[in-house]
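Here is the structure we will look at.
Atoms within a ligand are numbered from 1 in the order they appear, just like the ligands themselves.
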Amino acid sequence: MFELGKSIEAIGILGIPYDADSSFLAGCRKGPAAIRAAMACPSGNWVTENGLDLEEHPRIRDLGDVELVDSVDPRTAIESALQLALKQNLATLSLGGDHSVTYPILKAYAGHFGPINVLQLDAHPDLYDALDGNRFSHACPFARAHEDGLIQRHVQIGIRTMTPHQQTQADRFGVEVRPMATPQAINKLDFSGPVYLTLDLDVLDPAFAPGVSHYEPGGMSVRDILSIIQNLDGLIGADIVELNPDRDFQEMTARVAAKCMKEILARILGNS
Ligand code: MN
Ligand code: MN
């Protein structure tokens, strides 16, 4: 088990090309390839805002995509891939995929560290008990994670679609919800221990990120997200989910995802 600030050897980047639990549109399975292409595009570079050059960085490894085959349950495959990385003292950045992938990721993290702090940036709470009869929908991962006791403290920022059922769930699980419509939504957060960040790109206003399946206007700017990432202490893992390249315009959302990826990598490296 690695301890924060001591023995994170490197960061492993894992693609999770999975969208079978999307409730509205498919397409997120193409997300990892689109984010990697945006990172590799010669129109930009790999330098972060604090001046770190991530290209061929000795502490960043691309682990490829999680292999998803019909004979293995996808959540088992995802959890196993994450377990393997954590066992090797790697922090991880996973590229989704729809948001359902975060449940097996959190299983692996909690199995390794015990219950962990989770910061969720999202337009939606994703706390449904079930959606359209599916308990593993991308609208449900945090209900499953709480039922399994995987989360210590759960803060949601950017929420602007809270339903009465999900409010009941949020109360039941003790989720700290910072709705988008509150001025303190993006204020600095203090977590007492390691934090896992789950970034659903639909937290952004669709004006900044049209390449998502669920448009919810009134969201964050790219700068809001970067500010949250750059001020987050104790980051030990993250995912960027819900990029749907079929809906994107001129790869602009893929570029936003790649930008967030760079800053997340820099923050994890800076904290370890
Ligand atoms: Mn979500
Ligand atoms: Mn969402």
Side-chain angles (χ1 to χ4, degrees), residues 16-29 31-32 35 74-75 78 93-107 109 118-132 134-146 150-151 154-163 165-167 169-170 173 175-181 185-186 196-222 224-225 228-229 237-248 253-254 256-257 260 264:
I16 308 181
Y18 182 77
D19 62 10
D21 287 308
S22 296
S23 60
F24 179 57
L25 293 172
C28 288
R29 68 183 179 281
I35 298 172
R75 281 174 291 281
I78 295 166
L93 172 60
S94 300
L95 309 175
D98 69 43
H99 216 161
S100 71
V101 305
T102 304
Y103 170 47
I105 292 172
L106 290 178
K107 270 184 142 176
Y109 264 82
V118 174
L119 175 59
Q120 177 190 355
L121 307 184
D122 204 327
H124 313 92
D126 295 347
L127 287 166
Y128 279 97
D129 183 56
L131 190 71
D132 304 329
N134 181 6
R135 289 171 57 80
F136 297 106
S137 162
H138 68 160
C140 307
F142 301 101
R144 298 293 83 76
H146 279 288
L150 310 180
I151 302 180
H154 183 185
V155 179
Q156 299 182 327
I157 308 185
I159 304 299
R160 49 195 190 278
T161 59
M162 184 62 85
T163 60
H165 164 66
Q166 291 189 99
Q167 185 63 61
Q169 293 277 82
F173 297 128
V175 181
E176 294 172 46
V177 182
R178 296 191 181 187
M180 194 65 211
I186 63 165
Y196 182 88
L197 171 67
T198 180
L199 169 55
D200 180 333
L201 291 166
D202 66 31
V203 73
L204 288 149
D205 193 279
F208 294 91
V212 297
S213 299
H214 300 261
Y215 290 169
E216 192 59 42
M220 289 188 193
S221 69
V222 177
D224 290 336
I225 306 263
I228 290 169
I229 294 168
D239 59 59
I240 301 174
V241 296
E242 293 287 338
L243 173 64
N244 186 342
D246 292 346
R247 301 265 275 177
D248 209 0
T253 313
V256 169
C260 293
I264 288 169

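Side-chain atoms of E176 and H154 include no donor-acceptor pair closer than 3.5 Å.
Under a cutoff of 6.0 Å and an axis angle of 45°, R247 and Y215 form a cation-pi pair. A cation-pi arrangement is absent between R75 and Y103, since the terminal nitrogen or guanidinium carbon is not both under 6.0 Å from the aromatic centre and inside a 45° cone about the axis.
Considering only residues two or more places apart in sequence or on other chains, P32 meets the side-chain contact (heavy atoms from CB on, under 4.5 Å) condition with P17, R36, D65, L95.
Protein N/O/S atoms closer than 2.8 Å to the Mn ion (ligand 1), listed by chain and residue number, are H99 ND1, D122 OD2, D126 OD2, D200 OD2.
Note on ring orientation: taking the six-membered ring where Trp is involved, the planes of H214 and H124 are perpendicular (angle over 60°, cut-offs 30° and 60°).
A salt bridge is defined here as a Lys NZ or Arg NE, NH1 or NH2 lying under 4.0 Å from an Asp or Glu carboxylate O, and D129 with R144 meets this definition.
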